[in-house]
Amino acid sequence: MDLSEELLELLQENARYSIDDLARMTDAEPEAVEAEIERLESEGVIRGYQAVIDFEETERERVRAVVELNVTLDRETSYGDIAARIVQFPEVRELRLVSGDYDFDMEVQGDSMREVSHFISDKIAPIPEITQTVTHYHMDTYKTQGIVLGDSDEDDRLSISP
Amino acid sequence: MTIEPSERVETVPPSGIRRFFELAEEMDDIISLGVGEPDFSAPWAAREAAITSLELGRTSYTANRGRRELRELIAENVDRRYDLEYDPDEEVLVTTGASEGVDLALRAVVDPGDTVAVVQPSYVSYVPGVIFAGGEPLPVPTTKETDFKLTTDALYDAGADEADALVLCYPNNPTGATMNGAELEPIAEFAREHDLVVLSDEIYSELSYEHDHTSIATLPGMRERTIVFNGFSKAYAMTGLRLGYALGPPEAIGAMNRIHQYTMLSAPTTAQYAAIEALENCDDAVREMRQQYDRRRRLVLSRFEEMGIECFPASGAFYAFPESPWDDSEAFAEALLEEEHVAVVPGTAFGEGGEGHLRVSYATGMDDLKEALDRIESFIS
């Protein structure tokens with residue numbers, strides 16, 4: 001595995017690893033690690049670093065929903081054109097073109113169900129190319145971004161073993 | 001009356017790790033780098049196969065040697081990975097952990113008074129196993145000067161040319177040393193020349209980071225005199241499922257099976273189903289775990305170097321074996337535990353050549369590992 005591939009894996013595992021630790025883990029010089037990360041950032045491979053949050057554990061309520069969108073295209077309008085408009089809304093966290101029964105898979109976030117519902121009915125549904133929306137509110141989250149939520153397992157191994 | 005333990009038992013001291021274990025168990029919030037098993041759980045697919053087997057009511061004994069399907073998969077797997085060719089009917093025995101295999105082999109080949117050379121520092125079971133089998137253990141110390149690799153010099157110095165059998169383990173617990181094919185070659189020659197039976201514990205074979213694992217049994221003239229032990233504990237993180245296997249010539253495996261059929265009958269059935277799934281579908285999980293260990297290994301070795309703790313470049317298993325900053329490794333380990341709540345195992349627990357060293361296991365999540373290293377650093381500075 002080359003350095004950039006290994007760094008991407010490690011940063012996906014924990015984006016807060018220090019440059020020094022990344023260097024130790026990959027047997028590279030800290031300067032080389034730093035330069036490689038800068039390159040990955042400037043070339044747009046790494047688009048950002050975010051915390052993985054379990055909102056169940058916070059005071060503030062968040063509402064998230066997955067919305068299936070169906071669209072009709074014409075000669076002047078492509079999927080990309082429609083997507084370019086939808087992604088502008090800060091409420092939209094994820095947007096993907098998918099195969100199957102509908103076209104776009106959109107994830108939205110708001111402070112309440114009312115807010116999210118209004119967003120979809122007032123901002124998304126009226127877009128001329130959109131023919132149908134089906135909204136699924138998240139009821140509970142068990143795993144996100146590869147991380148299992150809920151109580152972490154106790155290490156039940158013997159503290160010393162041969 | 002009171003039941004007096006037999007002399008055989010009385011001659012074997014309790015495990016040196018035991019006292020330290022009791023000290024550690026009394027303390028809260030310790031970070032343990034003293035654990036000799038993976039911190040991962042068995043791959044989910046293997047666990048699910050075990051659950052399914054229970055749902056289907058597969059709770060009876062299996063054939064003494066283990067389920068045929070499993071033996072076939074083991075034979076295919078060791079052939080593909082290590083060029084080891086063994087017949088699943090005659091030359092493979094599924095055991096309750098590799099430990100049972102070692103015990104069976106010692107009892108099957110050692111006659112009273114036979115000398116069994118044991119390469120040290122070593123896993124804690126070999127010497128007691130030799131004694132229980134009625135043999136005389138002969139420690140063969142290895143040292144940091146040879147990166148804890150076995151050399152013919154060490155064998156001659158210990159008088160192993162007069163021995164009847166030789167027990168070795170690479171990749172090694174507790175040192176993390178490995179030996180490649182070229183380094184094993186003179187050992188094989190020694191064994192042929194002095195007519196030694198070789199018991200090769202290869203339980204860490206999947207955890208070799210600098211070179212592919214070579215089994216000594218694949219070297220010329222070695223197959224007929226070698227019994228190989230392996231299993232699912234380390235590579236597949238299945239320690240508690242207790243499943244291993246032995247590979248050897250038909251007469252050796254037959255003799256071992258004669259003991260096994262009376263004393264164990266068969267290895268745990270549920271674990272055998274998990275193992276079948278492990279061999280069929282869990283290569284990716286093994287690769288993923290190996291990669292995690294390797295990153296931790298590099299981190300640990302770099303940190304020790306930066307702290308000024310001498311440590312040879314351990315290249316296998318999940319152990320580093322640094323020199324103890326104090327000459328007395330037990331005193332150091334105890335003080336580290338008390339002051340910093342970090343557990344490591346003093347090298348003295350692993351026999352000759354272990355004193356002055358510490359076994360540091362990196363089978364611990366990265367956050368805890370880094371925290372433990374920080375504490376070690378602050379303790380010695």
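Only heavy atoms go into these numbers, but all of them, side chains included; no hydrogens, no water, no symmetry mates. Chain naming here is simple, since letters A, B, ... match the order of the sequence lines and numbering starts at 1 in each.
In terms of modelled atom types and a separation under 3.5 Å, the side chain of B/R298 and the main chain of A/M25 share a donor-acceptor contact. A donor-acceptor contact shorter than 3.5 Å is absent between the side chain of A/R24 and the backbone of B/L301. Between the A/S161 side chain and the B/G36 main chain, a donor and an acceptor come within less than 3.5 Å of each other.
When all heavy atoms of B/L299 and A/D21 are compared, the pair lying nearest together is CD1-OD1, 3.4 Å. When all heavy atoms of B/N173 and A/P162 are compared, the closest pair comes out as ND2-O, 2.8 Å.
A distance of 10.0 Å separates CG of B/L23 from OG of A/S159, quoted to the nearest 0.5 Å. Rounded to the nearest 0.5 angstrom, B/S41 OG and A/D156 CG are separated by 8.0 Å. We find the CZ-OG1 distance between A/R157 and B/T364 to be 5.0 Å, quoted to the nearest 0.5 Å.
Only the side chain of B/E306 has a heavy atom closer than 4.5 Å to any heavy atom of chain A. Contact annotation for B/D39: both backbone and side-chain heavy atoms come within less than 4.5 Å of a heavy atom of chain A. Both the backbone and the side chain of B/F21 come within contact range of chain A, each with at least one heavy atom under 4.5 Å from a heavy atom of that chain. Contact annotation for B/V345: only side-chain heavy atoms (C-beta onward) come within less than 4.5 Å of a heavy atom of chain A. Contacts of B/R359 with chain A are made by side-chain atoms alone, with heavy-atom separations under 4.5 Å and no backbone atom involved.
Enclosure of atom CD in B/E310 is not indicated, since only 12 or fewer non-hydrogen atoms of other residues, nucleotides or ligands lie within 6.0 angstrom.
Of the residues considered (B/M27, B/E22, B/M366, B/R295), B/R295 shows the highest number of contacts with chain A, using heavy-atom pairs under 4.5 Å. Residue with the most contacts toward chain A among B/E25, B/E37, B/E305: B/E37 (heavy-atom pairs, distance under 4.5 Å). Of all the listed residues (A/N14, A/T26, A/D155), the one sharing the greatest number of non-hydrogen pairs under 4.5 Å with chain B is A/T26.
Between the side chains of A/E6 and B/Q291, no donor-acceptor pair is found at a separation under 3.5 Å.
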